[in-house]
Colleague: 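Could you have a look at this structure, given as structure tokens, before my questions?
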Amino acid sequence: MAEKEKEEKKVNLQDSDSEKDEAQKAETDKKEQGDSLKDEKSEATDEKSEDSQTKEKESKEEKKDPLKEAQEQIAQLKDKYLRSVAEFDNYRKRTLKEKADLILNGGEKTIMAILPVMDDFERALSNTSEEPKAIKDGMNLIFKKFQKTLSGLGVKKIDTKDKDFDTAYMEAVAMVPGMGDKKKGKVIDCVQAGYTLNEKVIRHAKVAVGQ
């Protein structure tokens, strides 16, 4: 009898433990389900929040004042315009300064080339020799040097000897009659030499023409 009661108590204890385990398992499952629901609810809330922010941003962009946009564009264009005007003004001032410098100092190269000829003239004048031939030879040397200097600067003498009269390079200051058909329209004499600078006429030759 006592053994039977022991067995019954043992069975009851086992059943009680089993019920406890099942209760704990059920509680764990319920807790896990609750956590899962919370996570899902949190994700849904986050998504809803993001959608709400996106919609709010889009709404703000749509509701942006057209007048304000136009004013911003005008301000940008005004800034670009002012910058362009300032740059052009600086360019204009720089160009004017360069032109002024060119006008004032443009002849520097020419003057520097002619100065040695001036030095030769001074030396010739300071020469005390009274021999005419020596003076003439010295003047010829200076003259040739001066011609060479002018040629280096692009200056050339207009050739008129036995040439046909050409108004592009010559100016008739006299007409010489009775020179015959061969001399008609030809240069008879050059009263004043003409010159070109880099192929441009800077002084017409003054000539007498056969008539």
Side-chain angles (χ1 to χ4, degrees), residues 31-122 142-160 163-173 190-207:
K31 187 177 180 182
E32 289 178 353
Q33 288 178 357
D35 292 340
S36 178
L37 288 171
K38 283 182 181 179
D39 291 339
E40 290 177 358
K41 187 175 181 181
S42 177
E43 290 177 0
T45 303
D46 291 342
E47 290 177 358
K48 186 176 180 181
S49 177
E50 289 178 1
D51 292 339
S52 176
Q53 289 176 357
T54 303
K55 288 180 180 179
E56 186 178 353
K57 187 176 179 181
E58 291 175 352
S59 177
K60 284 182 179 178
E61 289 177 355
E62 289 175 358
K63 290 180 180 178
K64 197 170 183 179
D65 189 359
L67 179 60
K68 190 175 180 181
E69 286 185 355
Q71 289 175 341
E72 289 176 357
Q73 290 179 356
I74 290 171
Q76 291 176 358
L77 292 172
K78 184 178 179 181
D79 182 65
K80 289 181 180 179
Y81 170 74
L82 291 174
R83 288 176 183 273
S84 298
V85 169
E87 288 176 1
F88 177 76
D89 189 53
N90 290 335
Y91 167 77
R92 184 179 61 81
K93 288 178 180 177
R94 186 171 63 252
T95 303
L96 289 173
K97 186 177 182 301
E98 289 174 355
K99 285 183 178 179
D101 290 341
L102 185 62
I103 291 170
L104 290 173
N105 304 314
E108 182 179 352
K109 179 181 177 182
T110 303
I111 299 301
M112 290 297 295
I114 293 174
L115 285 178
V117 180
M118 179 66 73
D119 295 337
D120 288 343
F121 273 119
E122 288 180 350
I142 295 172
F143 178 70
K144 289 178 180 178
K145 185 175 183 178
F146 189 51
Q147 281 184 320
K148 186 177 180 181
T149 300
L150 290 177
S151 178
L153 294 172
V155 179
K156 291 182 179 179
K157 186 178 179 180
I158 296 172
D159 186 14
T160 59
K163 297 290 183 181
D164 292 329
F165 177 70
D166 186 351
T167 56
Y169 296 95
M170 306 169 196
E171 178 184 345
V173 294
C190 180
V191 179
Q192 186 181 71
Y195 292 91
T196 61
L197 175 61
N198 297 322
E199 306 302 327
K200 178 184 177 182
V201 177
I202 57 175
R203 190 174 82 178
H204 288 77
K206 293 181 180 181
V207 297

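Numbers for residues simply follow the sequence, beginning at 1.
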Colleague: Measure across Leu153 and Leu197 and return the closest heavy-atom pair with its distance rounded to 0.1 Å.
Modeller: O-CD1, 3.4 Å

Colleague: Apply salt bridge (charged side-chain N to carboxylate O under 4.0 Å, His left out) to Lys144 and list each qualifying residue two or more places apart in sequence or on a separate chain.
Modeller: none

Colleague: Please give me the minimum heavy-atom distance between Ile158 and Tyr195, naming the atom from each residue.
Modeller: CD1-N, 3.7 Å

Colleague: What distance do His204 atom NE2 and Glu171 atom CD have between them, rounded to the nearest 0.5 Å?
Modeller: 7.5 Å

Colleague: Nearest 0.5 Å, please: how far is CZ in Phe143 from CZ in Phe121?
Modeller: 9.5 Å

Colleague: Which atom names give the shortest non-hydrogen contact between Asp159 and Met170, and what distance separates them?
Modeller: O-CE, 4.2 Å

Colleague: Of all heavy-atom pairs between Ile142 and Asp120, which one has the smallest distance, and what is that distance?
Modeller: CD1-O, 3.5 Å

Colleague: To the nearest 0.5 Å, tell me how far Lys145 NZ sits from Ile114 CD1.
Modeller: 12.5 Å

Colleague: What's the spacing between Glu98 CD and Leu96 CG if we round to 0.5 Å?
Modeller: 9.5 Å

Colleague: Closer than 3.5 angstrom, by distance alone: can the side chain of Asn90 be matched with the main-chain N or O of Ala86 as a donor-acceptor pair?
Modeller: yes

Colleague: Looking only at heavy atoms, which two atoms of Thr160 and Ala205 are closest? And how far apart?
Modeller: CG2-CB, 3.8 Å

Colleague: Would you confirm whether Arg203, through its side chain, and Thr196, through its main-chain N or O, come within 3.5 Å as a donor-acceptor pair?
Modeller: no

Colleague: Report the distance from atom CG of Leu82 to atom CG of Asp89, rounding to the nearest 0.5 Å.
Modeller: 12.0 Å

Colleague: I need the Lys97 NZ to Lys93 NZ distance, nearest 0.5 Å.
Modeller: 13.0 Å

